[in-house]
Each structure stands twice: as C-alpha cells, then as structure tokens.
Protein chains: 4
Amino acid sequence: MSQPNKKKNWKNQLHEIIYEADTPAGKLFDVILLVIIIASIVLVMLESVKSIDLKYHNLLNTLEWIITVLFTVEYIARVITVKKPFKYIFSFYGIIDLLSTAPKYLSFLFAGTHALIALRALRLLRVFRILKLGRYLGASNNLVSALKSSRAKISVFLFAVIILAVILGTIMYLVEGEENGFTNIPKSVYWCIVTLTTVGFGDIAPQTPLGQLIASLVMILGYGIIAVPTGIVSAEYSNQTRNNLEPAPKKTDPKIEVNLNSQSCSNCLKSDHRDGAEYCYNCGEPLHNS
Amino acid sequence: MSQPNKKKNWKNQLHEIIYEADTPAGKLFDVILLVIIIASIVLVMLESVKSIDLKYHNLLNTLEWIITVLFTVEYIARVITVKKPFKYIFSFYGIIDLLSTAPKYLSFLFAGTHALIALRALRLLRVFRILKLGRYLGASNNLVSALKSSRAKISVFLFAVIILAVILGTIMYLVEGEENGFTNIPKSVYWCIVTLTTVGFGDIAPQTPLGQLIASLVMILGYGIIAVPTGIVSAEYSNQTRNNLEPAPKKTDPKIEVNLNSQSCSNCLKSDHRDGAEYCYNCGEPLHNS
Amino acid sequence: MSQPNKKKNWKNQLHEIIYEADTPAGKLFDVILLVIIIASIVLVMLESVKSIDLKYHNLLNTLEWIITVLFTVEYIARVITVKKPFKYIFSFYGIIDLLSTAPKYLSFLFAGTHALIALRALRLLRVFRILKLGRYLGASNNLVSALKSSRAKISVFLFAVIILAVILGTIMYLVEGEENGFTNIPKSVYWCIVTLTTVGFGDIAPQTPLGQLIASLVMILGYGIIAVPTGIVSAEYSNQTRNNLEPAPKKTDPKIEVNLNSQSCSNCLKSDHRDGAEYCYNCGEPLHNS
Amino acid sequence: MSQPNKKKNWKNQLHEIIYEADTPAGKLFDVILLVIIIASIVLVMLESVKSIDLKYHNLLNTLEWIITVLFTVEYIARVITVKKPFKYIFSFYGIIDLLSTAPKYLSFLFAGTHALIALRALRLLRVFRILKLGRYLGASNNLVSALKSSRAKISVFLFAVIILAVILGTIMYLVEGEENGFTNIPKSVYWCIVTLTTVGFGDIAPQTPLGQLIASLVMILGYGIIAVPTGIVSAEYSNQTRNNLEPAPKKTDPKIEVNLNSQSCSNCLKSDHRDGAEYCYNCGEPLHNS
C-alpha cells in the first residue's frame, strides 16, 4: 500500500503546484510560467527581426530550445498529474499548450512549421487565469452582462455594416474603376470597410470628383453610425449598474458570500471551489487527498 | 368549377412557399434563395477579379447564367402567384429583383450594362426579412425608437458638420493652395470631411506650418464633436430602455401578446398576420383559401 | 402727410418681406435667398476647379456678377428698411453680408482679393435661421444645455490633450529625428495630434522600433481618452432629458406656451415676437404699422 | 533679535509671492511665470525649425539664455524661501524645474544635452495649478471619480486589446510576409494597434486578398470594441452625477463648506488651507507669521 500511495501523494503534490495558485509553491510556479510565456513571445518576435536574427541566431536558437524543453516538461507534468489526461489534452488550453510546443520539434522534419509558433501568443490568454483578471472586473460583472445583453443587437448592427460595405463598395468600383486603385469588387468592399470604420489607410483613395463625393457620404455615414454600438453598450451597462445599485425589494433567497480558491479538481478539472471544500462540487471527487 | 379552382390551389400553394416561411417548404425555399443570393454576389465579386476571370471565365459565365435563370424563374413565380402583380412589380423588392436579373439579358444588346449587376447586392437586404433579424432586436425595439427620436437632432448635427467642412475647406484651399494638393475647393472640402470624421486617408495632407496648425484645430474639433451623436443615441436609448423597465402606473388598455407569422396576403402583400387569422387585417382578403 | 407716410408704408412692406418669414412674400424671399446663397457657393467652388474654369470662364464670371449684383441689392434693401442701419451694418450677419459681396468689386483694383469670397460660405449659417433648424432641436433644447454644462469639462479635457501632444511630440522628435520626417518640434506636435485624435494621415509615420513603440502607446492612450468627452456629453444629455421627463413637484409659476413668429422689429432687430403682438417686447416700437 | 527676524520677514514675503496666488503680487508672479513658460516652449519649438534657426540663431540663443537665467533665479528663490528645501528639490515640480533649467548650462560641457530641454514641456503642467483648472471641473469632481472607478475595467480592457494585437499581428506577419511591409512580428503588432485603434497611418497596408480580409475583420472588431471604454466611462459618470443629484436621505454629519485659498505652508508645502487659518492643518507650522 505504501508505494502506490506514495506515488499518488507525489502526483497530488505536483497537481497542487501546477493547477492551483493558493500555496506558495503554486504561486511561484504560476509567476515563473508567466515569465517564461512572455519570454517565449519576445523571443519569437526577436527571431522575426532579420538584423537581430543574423547577429544572435545561435543564442536565440539555444534559448528557443530551452523554452521548448521547459514547455515540454510542463506539458508532460500536466498530463501525468491529472486523473483524466484526455480531458486536459483535448481541452482549449491543452491543445494550445501542445501546438505552441510541438512545432520546434517538427522543424527538423519540415520547413515552414515555424509558422505554428504564432500559436504561442495564444498562451498569453493564460494570463487572465493566473492574474485572476476576470475577478478584477468586479463581483457584479456588470460589463460582462452588458456586453452579453447587447451582443445580439451589435451583431445585427455589424451585419448591416457589412451589407452596406458590399453595396457601397460595388458602387465605388463602378465609379472609380481599375485605374484609380479599385481594381476589383472585393478590394472596393475592403476599402469601404476601411472608410466606414474611420481607419482610412490611404493605400487606396478615390480620385474622381464623383468618387470623392460618395466617399464623403460614406465617411459621414460611418461617423454617424459609430454612435450606435457605443450607445448600446453605454446604455446597457448603465442599466446593469443601476439595477445593481437599487435595493432588491424582497430577497427570500439571499446569496451567501463565500471565498473561492483557484484549486482545480484532479478528476474533472473544475476550479473555483469554496475554501475548505473537501469534495469537488462538480464530480464529488475528494480534493486535497494528500 | 374544378379547373380554375385547381389552378387557384396550385397558385396558392406556390404563394405559400414563396411568400411565407412557416411551412417546411417555405423555410426551405427561403434558405435556398438566401444561398443563391450570396452565391450570386460572390460570383460577381470573383468576376471582377481579373486574374480569376481570365482563368475561369467560361465557368463563371455559365454559373452566372444558371443564377440568372433561377432568378428569372423566381421573379415570374412571384408575379404569377400574387393577386395584384403590379403591386409587387413596383414595390421596393420587386424593382430590385427585376434590376438584379435583367442586366445579364441586356448584356447581349449593350456593353457596359454589366454595371447594373451591382444592384444585386441590394438583394442582400432580403436577408433581414428571411432571418427575421428585425425581430431579433427585441420586442420592445428600443434601439429603433431611440434612433427615430434622435434622427432629427443627428440630421441637424450632420448638417452643421457639412457647413463647417465647407467653411474650413475653403480656408484650407486659401492657406495651402494648389501646390500642396488642395487643387480646388471641392477637393479641400472633401479633405476636410476626411479629417473631421477622423478617417484621415493621407492622400492629401497639409504641408505648410499654418495649414498644419489649422488642420490640428480641425482634428481636435472633430475629436470633440464626435461625442455629440454618440451622446445623443446613448442617452435616448438609455431613456427608452428605462421607460420600458419602469412599470406603467395604470394600464387601462393592456396589450395582448400575440404570435405573428410571416405569411403574407396574396392580395395586398401585407405580412405579419396573427397566428390563426382567417382574413388579412389590412384588406380583408381571406388567407389560406386553399 | 401723404408722401412720407406712403414712403414709410413702402419701407415697412419691404421690411416685412426681407426680415420676416410669416407672409407668403417673406417665405418666397427666404427660399430664393437660400437658393442664391447655395448657387453662389457652388459657383465659387466650380471657379476653383481649373479645368472647368478654363472652359466656362466667361459664363462663370457673368453668373458671378449677377449674384454679386443681387447680393448688393439685398444688402442695400436691408440697410434702407431697418430703422437703425448701423445696428445691422455692424451686426454679425451685416458684416458677413458685406464681406461676401464687396470682394468682387475690389477685384478691379487689387488682385488676390478673390480670397475673401471664401467668407461667402459663412452666409450658409443663415440657413439655420431660415429653416428654423434651431427650433427643430426641440423646445426643451436638452442638447444645447447638455453641451453648455459640459463645455467647461471638455475645455479642460482638450487643454490636457494639447499639453499631452506637446510633451509626446517633443519626445517623438528626439526619438525619430529629422531623417524620419519629424523635421522639427511643431511638426512632431502636429503628428501627435493627428495620432491622438485617431485621424492618422500617414504623411509622417514613425520608422524606428522605439518610435513605433511610443506611437503604439500614444494610440492606445488616444483610444482610451476618446471615451472621456463622449462619456461627458452622453451623461449630461441623459441627465438633462431625465430632469425634463420627471414632473416638477410644485410649479407655482407655470409657463404659458405661446407661438412665436419670425418677424423682427424694424427698430432693434429683435425677432421671435408672440403671435398677435402689437409692440416689440424689447424696445416698445410698434410692429406691423402698415 | 532685529536682524534674523527681518531676514525671516523678507523670506516670508517672498514665499507668499512665489507659492501663493491670493495677494496681488502673488497673482502677478503666477501670470508672469506662465507667460515665460509658454515663451520658453515656443522658443524651443522655433529653435528646432531649421530655417528659422539659421536666420535668427543669435536672437533665439540670447532669449534662451535670458529665460534660463530667469528660471535659475526662480529656482533659487523657491529653494531659499521654503523651510525644508530638500522637500521641494525632490518633489515632482522641483525635479522638473531643475531638469528644465540645467541643460542649457551643461551645453557648454557636452553636446546633445539639448535634448533634455524637452522636459521643459512638463512645466506646462504647472498651468493646471496656476489656473486652478482642477477646481474648474466642479466641486463634486464627478469626472475624476468616474475615471477612477472605471480605471480597473479600462486597464483590463486595454490589456485584452494588447493581447489581441499580439495574436492578430503574428497572424498578419504569417499571411502578408516581408514583401508587403510586414517585415517582422513587432512591426506587425504595431500595424495591428494602428488598425485596431482606427488610426490607420497607411505606411503599412495589407496587399494580399487574405490579408485584406483579416484586416477587415480587425477593423470591424476595433469598431465594435471602441464602444466598450466609452460605454464604461459614460455609465460611470452618469451614475456619479445621478448619485450627487439625489438628496442623501439622512446626513448626520453634514459637510460645512469652507473657502480654501492657495497659500502653501512654508514648512511642509501643503496648500489649500482654509481662509483665516492661522496654523498649517498638516504640520501645525504657523502661517503668515510676518
């Protein structure tokens, strides 16, 4: 009974370090991981700058291998310490973790797989989890619910903007023609989106008086309709906040405020358990069975 | 009595498929139509790209003819199944449907009529009807009424922006002159609109110190006044929403909520009849007289 | 007694036509004036377009003279029919009317006075008076009072933006230097305003990595602070509207709603008299003494 | 007892002039200082314009020395009249005052120290203190508290924008490649920020159809999310204002409104003492002990 139990203990301790942030070791692990992720992104960025890559190619390559090995170790550790490894492997973070590590190994076999390193930037999303930025937004999360309740309206609005861009883009293609840079309709629609959103690169710009007149109308239109999504979010958020400020008249079922910690169940990966919880609220697996 | 009645039945069934979306056949028809409209727009876009058109000219032309024939069949079916065909023919959608189909036939007679194909993009507006996006905006339709109640104010505001652009554009023409790209007053006014709306193409840009000073003022002005339409829409929408949230004190004439379906009267083309309605609420024509 | 009285009657009738918009003749005069003002602006615009001016120089010049004569007649009529001519001559509209007419005459004496024709665009402001656009904004004029009450805050805000532009512009001048287009500090400050207001012409753009990093910060800053004036106007306007919606608790001095007409006193030029008023509310001069 | 007391009196009088704005002499000093600061910034700007510097180099240099001497005198006077000079010297304004004066002297020793003159622009911040612009914002300071309460949310939001820019920038680097101006990932990320914030310089612009498609998505995304910070500030400010408008139900501890003056303690530099205060509210040092 000693050997498997000891092994289990060892696994549990590692699980606590990797997946939880409440112990000193867990916090340290998270901070180090964050630093390595940022370092890996800076590294990929520097490699893409030719003048730097020419000078320090060997150094950058070595550092890249070190980070790849560290990521590999982390990935294997995550797979081992979880009870249901496949659940992690096929989770959102699991796939990103694999895809941001594997390309370096494959670079021996194929050229061009370097491209997948771009996926490493997605690992930055882990920052939100580590820094608990989500909670920073406030317990009531008015902003999130405001965005959710205005999502449908903004979708319809953006859909209308795209139809508008298609119609106006086709008109501009007919008015300006190929000689003024509006070489085809997709490019004209692209120009129209550039203009409606008030970005205005200027790589394509109307040259004919009629084209400039239509462009003026497009711009004033874009200026006018930029007010719509802002107005929606603003009003929805304002309502959310007001509703929270107003006292609820009768609260027969009061919420008890509890402290949640970041430990996650080694069975189902659910986190945000109550402090002092003995069993996972999702699957009933015992927690902290060290 | 059998033959005309049967013909009428046949017509009515087709009417139900084409103009209504509540039967399975009607829904299928709408979805297929939507797919064909999008395909036709993608086709016109691809045709305008020279490199693609050179390679696949015959294929694209054949597909174009297939779609034109399908649109023609649909147009004729719509005309036949409606009781008052001229009401459809001269309606907004009727004119668009004709104009987006006819040019292909006329391309035998004249060159350059290809241009009218641009109108096909307008058929995309039918998406709003098919997907019932309007209803998606919410039963209370706060956004629509907010836009309506702020329409007058935004019009006056945009009118003031145009006068401002004319005055400032003329000043910039005098300050910068032809040698710096401000070749004439219309172009200067165009530049001014580009700048006030914060689009900023950069195809024309002030070169003299005085011109850049005035441009800075124009930009800060534009930055300041962009707040006005946003503020209007935001506040109006917020008020609309609040009014809906507050309980009406006395409602002597309560609205009964009914389900509306998308069937449209074969006589006057009005849609949005109540479920179970036997007669058109607009013209009294019997519905579903199959 | 007959001759001077008749002359006075004739003057009064002309005054009513020119300064008032309630009689059919007065309305007709206003509409014709508006058309001529717009025509005169279109004319100046067309004259500035070289290709058009070369072809139709004589026609444009003739039309210009016709409009100048019409404006002169109008100006003299305005001076004659008013009791205190100097009050009109030195009023805002009086000065604009003179300055938009005189340059054409002076073009015989000096070259380059053509420039003053730009002032003609200012006559467009009369549109607001003729179309009574001000009243269109709503009796309560929430927008105007919202802008007034947020004026101080927006001024301070824009002042802070300018100081920010000076500081950041100087830094960009030091970082980018003359070789990348930031030839001097005023130009760098100009670039900074172009960027902070999200206009982004692109005639000057940072080339060094450090410059692009600072530019990124400037842009995100500009993106963040664009929210401030919008938020102010939006909230102020929202408050104004809400205050108007809420019933005033005790109104011991209720406002009686009266209809105002656009006739203006021939003595002091005040307009907006009540319907049926016999005497000017400002100076006591009898109105309509025909 | 006479000599040191007289010296102290002289110091106190100078302190009152320099640090306070309530006496006529103090107001005059502040206005003159403001004029000299603005003059010094205009001077540095003009010096950076090559054509002006070549013509008027000696004049500008002389004026620069005069301003430097004036700033030096002011700096020494500030140090002398304060009881604890080191508190001033190491305060924010003290460091800026020194850094904006010293470079001119060091220009004898080193070349390139001219750059530090840029710090002089920071002295403009004193404008806020002299003009008391802070108080202009209104006693309730709703705007400031609105910005404070929305700071956390806007930070998280901007952080999300940066992560988004890194991910999208990397994708654009892979799609467009070096031949279209996206020479490396940092530059692509810079382009992505330029686009997301709707600035759109146009120095780099996507050329491939796929790149333009992704750019369109980025722009519509940027257009959609510009609504978020605006909505936050707008709603927070609106709530702040409403809370102030509503009467507080029970105010057992009413605030007594007092007039604060701008005199500052010669010991601890705290200002905003109550009118008629005899001792500093912060350190107990007697005020006005002349």
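In the text below, chain A, chain B and the rest are named by the order of the sequence lines, each starting its count at 1.
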(request) Could you walk me through whether D:Met45 and C:Thr170 pass the side chain to side chain contact (heavy atoms under 4.5 Å, CB included) test, one step at a time? (result) CA-CA 9 Å; D:Met45 282 189 170; C:Thr170 315; 5.8 Å; no
Name the option with the most non-hydrogen atom pairs under 4.5 Å to chain D; the candidates are [options].
| options | result |
| --- | --- |
| C:Pro186, C:Gly169, C:Ser188 | C:Pro186 |
| C:Leu213, C:Val199, C:Thr198, C:Thr183 | C:Thr198 |
| C:Val166, C:Ile220, C:Ile204 | C:Ile220 |

Review point. Side chain, backbone, both or neither: which part of D:Ile162 has an atom under 4.5 Å from a heavy atom of chain C?
Key: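 Only the side chain of D:Ile162 comes within 4.5 Å of chain C.
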Counting heavy-atom pairs under 4.5 angstrom with chain C, the leader among D:Gly222, D:Gly202, D:Ser48 is D:Ser48
| request: Mind ranking D:Ile193, D:Val189, D:Val42 by heavy-atom pairs under 4.5 Å with chain C and telling me who comes out on top? | output: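 Winner by heavy-atom pair count: D:Ile193.
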*asked:* Could you work out, with side-chain hydrogen bond (donor to acceptor under 3.5 Å, both in side chains) as the rule, every residue matching D:Gln207, not counting sequence neighbours?
replied: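 If we apply the side-chain hydrogen bond (donor to acceptor under 3.5 Å, both in side chains) test to D:Gln207, skipping adjacent residues, there are no hits.
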### Verdict with reasoning, D:Tyr190 to C:Met219, per side chain to side chain contact (heavy atoms under 4.5 Å, CB included)
CA-CA 10 Å; D:Tyr190 159 73; C:Met219 280 177 272; 3.9 Å; yes
Query raised in the report: Among residues 50-59 of chain D, which residues come closer than 4.5 Å to chain C, judged by heavy atom distances?
Result: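 Residues D:Lys50 are the ones that qualify, each having a heavy atom under 4.5 Å from chain C.
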Closest contact, heavy atoms only, D:Asp203 versus C:Pro206 =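 Between these two residues, the closest heavy atoms are OD2-O, 4.3 Å.
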